[in-house]
S.K.: 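Sharing a structure, written as structure tokens. Questions coming.
Below, each value reflects all heavy atoms present in this structure, side chains not excepted, and no hydrogens, waters or symmetry copies. From a predicted model like this one, the values you see are computed outputs, not experimental measurements.
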Amino acid sequence: MKKISLFKQTVLLSQVVTIPLIAILSLQLAQANHFSSLQDSTGNYTVSGKLKDYDSGWIYLRHGEGLKQGQQIDSTKIIHGEFTFNGKVSGIEPFMLGVHFKDNKGNILASRQYQGPFILSPGKLYGEGKFESPNFWTFSGTKEQDEYNSYKSKLHFLFERSQQIKRKKNNLKKTERKLSDQLNAELVSIENEINDAIRTHVSQNSSSQVAAYIAKSNLANTDPLISRDIYELLDSTVKESLYGKELLQFVLLKEPTGIGHTAPPFNLPDYSGQLHALSNYRGSYVLIDFWASWCGPCRLENPNLVKVQHTYAPKGLKIISISVDTDMHAWQKAVSEDKLSWLQLSDLKGLKSEAGKQYGITHVPMNFLLDKEGKIIGRDLKGNELWEKLKEVL
């Protein structure tokens, strides 16, 4: 089978800053059950390969996912550019391979560069690459890795285009609102294409743990209706695997804030410590916006919210911003700089924000549009998409 170059793991969905919240606590149960549920699939693996332009040195194998991400598993010497790892694995595990950087004279440095993830499973996996080339590893040899290669090759263009747009957005000025809206729309289109491709892949590989891993890795920030639909395509055995359980945990975390659900209640303080309950705003359309002073994409979106406030506040829209900051000064400074004149709330617990937990916030910016009865009628609306929805309901 043709070998497909692997590229560095990236966030593939919306232009956001991803943050870990209570999902990690839920995943511990799945992590604990993983080895007991898959003991019968434990087997020997061999990872071998050849690296051009790197005749000798050390190469490192480490976890590439989950609670053990970044933990080193093994190391071995590179001899005449070749190496071999041997061990045991239960089910599948995403892993990374790393080697030390070299300076301009070819001297090996202490720092390392890692590539991956690749899929470790019982069997023999072989990789080749050229050290000086970006994304230098190619892997093949097991059905699990070959499936992952096939998936990556089909979506490579979408992934690359997504990253190009995000880099362009990061360089925009706050005044370039029209271009930002255009890029947001293109990102939404790409996200939809990725979701469709994942749905097709899972449907065609419903008995594969790799399919569950792919879904779990790419659907964390997706509408829970889409994630649930894709999860249900997995067969019962795969649903009981580590990545099947992790995908379900993401779905369960997000479902309470899906379209049509009543927004979870909260009672949060403003600058002065005065508490504000969401229930006080029943009878009005409400936009709940989660953000942070340190979040670049959030700050880029704020001028759009200022215009929304100016246009739709007279028509009855209430905006409530909830910051996941921990620093009062940084929060207030950002509010002042961005001229945010509506209600600003935060418990200053950062990533442990109580409201963040209730709303399943795994990335910022994130927002929810509520109708007069407090039901969610829109989520993750940015740029023109937000304007179109407000125009529809107001």
Side-chain angles (χ1 to χ4, degrees), residues 13-14 16 18 21-23 26 184-185 187-189 191-196 198-199 202-203 215-216 218-234 239 246-268 276-291 301 304-305 308 312 315-322 324 343 345 353-394:
L13 300 179
S14 56
V16 299
T18 303
L21 289 171
I22 61 169
S26 302
N184 277 334
L187 281 172
V188 169
S189 176
E191 177 181 340
N192 291 336
E193 289 187 64
I194 290 173
N195 289 339
D196 289 343
I198 293 172
R199 181 184 287 104
V202 173
S203 178
K216 173 261 172 186
N218 291 285
L219 297 177
N221 299 325
T222 302
D223 186 289
L225 293 176
I226 296 174
S227 300
R228 168 66 76 172
D229 178 52
I230 293 175
Y231 169 77
E232 293 299 342
L233 294 173
L234 298 171
K239 286 179 179 177
E246 289 194 0
L247 177 58
L248 177 59
Q249 292 297 332
F250 279 125
V251 172
L252 295 176
L253 184 68
K254 299 285 187 176
E255 278 185 334
T257 56
I259 302 296
H261 287 256
T262 298
F266 59 74
N267 196 22
L268 291 171
H276 298 262
L278 177 61
S279 58
N280 293 339
Y281 297 86
R282 189 64 60 88
S284 299
Y285 283 91
V286 179
L287 180 66
I288 303 172
D289 178 59
F290 285 87
W291 74 297
E301 186 65 18
N304 188 45
L305 293 182
V308 165
Y312 284 102
K315 298 181 180 182
L317 177 69
K318 307 294 184 183
I319 302 180
I320 303 174
S321 283
I322 299 176
V324 292
L343 183 62
L345 305 177
S353 164
E354 294 301 322
K357 294 176 183 178
Q358 289 177 291
Y359 280 77
I361 300 301
T362 55
H363 69 278
V364 287
M366 181 66 189
N367 60 33
F368 303 88
L369 181 62
L370 316 185
D371 67 12
K372 292 182 178 181
E373 286 70 47
K375 289 187 177 181
I376 297 171
I377 58 174
R379 48 177 287 142
D380 207 11
L381 302 170
K382 299 182 180 70
N384 285 335
E385 192 177 15
L386 175 59
W387 283 90
E388 289 300 318
K389 188 64 179 180
L390 291 172
K391 182 179 180 181
E392 173 190 327
V393 300
L394 290 173

S.K.: Please report the shortest heavy-atom distance between Tyr359 and Pro264, naming the atom on each side.
M.R.: OH-O, 2.6 Å
S.K.: Using 0.5 Å steps for rounding, measure from the CH2 atom of Trp291 to the CG atom of Leu305.
M.R.: 10.0 Å
S.K.: When you look at NZ of Lys318, are more than 12 heavy atoms from neighbouring residues, nucleotides or ligands closer to it than 6.0 Å?
M.R.: no
S.K.: Output yes when Glu388 and Lys391 qualify as a salt bridge under the 4.0 Å nitrogen-oxygen rule, no when they do not.
M.R.: no
S.K.: When rounded to the nearest 0.5 angstrom, what distance separates CG in Leu219 from CG in Asn195?
M.R.: 6.0 Å
S.K.: Report the C-alpha separation of Ile320 and Leu268 in whole Å, then their side-chain angles, then the decisive distance to 0.1 Å, and conclude whether the side chain to side chain contact (heavy atoms under 4.5 Å, CB included) test is met.
M.R.: CA-CA 11 Å; Ile320 303 174; Leu268 291 171; over 6 Å; no
S.K.: Any side-chain heavy-atom pair from Leu343 and Tyr281 closer than 4.5 angstrom?
M.R.: yes
S.K.: Enter the distance from Ile322:CD1 to Phe368:CZ here, rounded to the nearest 0.5 Å.
M.R.: 9.0 Å
S.K.: Could you point out which residue of Leu369, Ile288, Asp223 forms a side chain to side chain contact (heavy atoms under 4.5 Å, CB included) with Arg379?
M.R.: Asp223
S.K.: In Å and rounded to the nearest 0.5 Å, what is the OG1 to CG distance from Thr222 to Asp380?
M.R.: 9.5 Å
S.K.: Report yes if the side chains of Tyr285 and Asp371 come closer than 4.5 Å at any heavy-atom pair, otherwise no.
M.R.: yes
S.K.: What heavy-atom pair brings Gly258 and Ile376 nearest, and what distance separates the two atoms?
M.R.: O-CB, 3.8 Å
S.K.: Is the shortest side-chain N to carboxylate O distance from Glu385 to Lys389 below 4.0 Å?
M.R.: no
S.K.: Flag the pair Leu287 / Leu390 as yes when at least one side-chain heavy-atom distance between them is below 4.5 Å, and no otherwise.
M.R.: no
S.K.: Is the closest side-chain heavy-atom distance between Asp229 and Arg199 below 4.5 Å?
M.R.: yes
S.K.: Shortest non-hydrogen contact from Ala215 to Val202?
M.R.: CB-CG2, 4.3 Å
S.K.: Nearest 0.5 Å, please: how far is NZ in Lys254 from CD in Gln249?
M.R.: 13.5 Å
S.K.: So, do Arg228 and Leu252 sit near enough that their side-chain heavy atoms are less than 4.5 Å apart?
M.R.: yes
S.K.: Mind checking the CG-CG spacing from Asn184 to Leu381? Nearest 0.5 Å is all I need.
M.R.: 11.0 Å
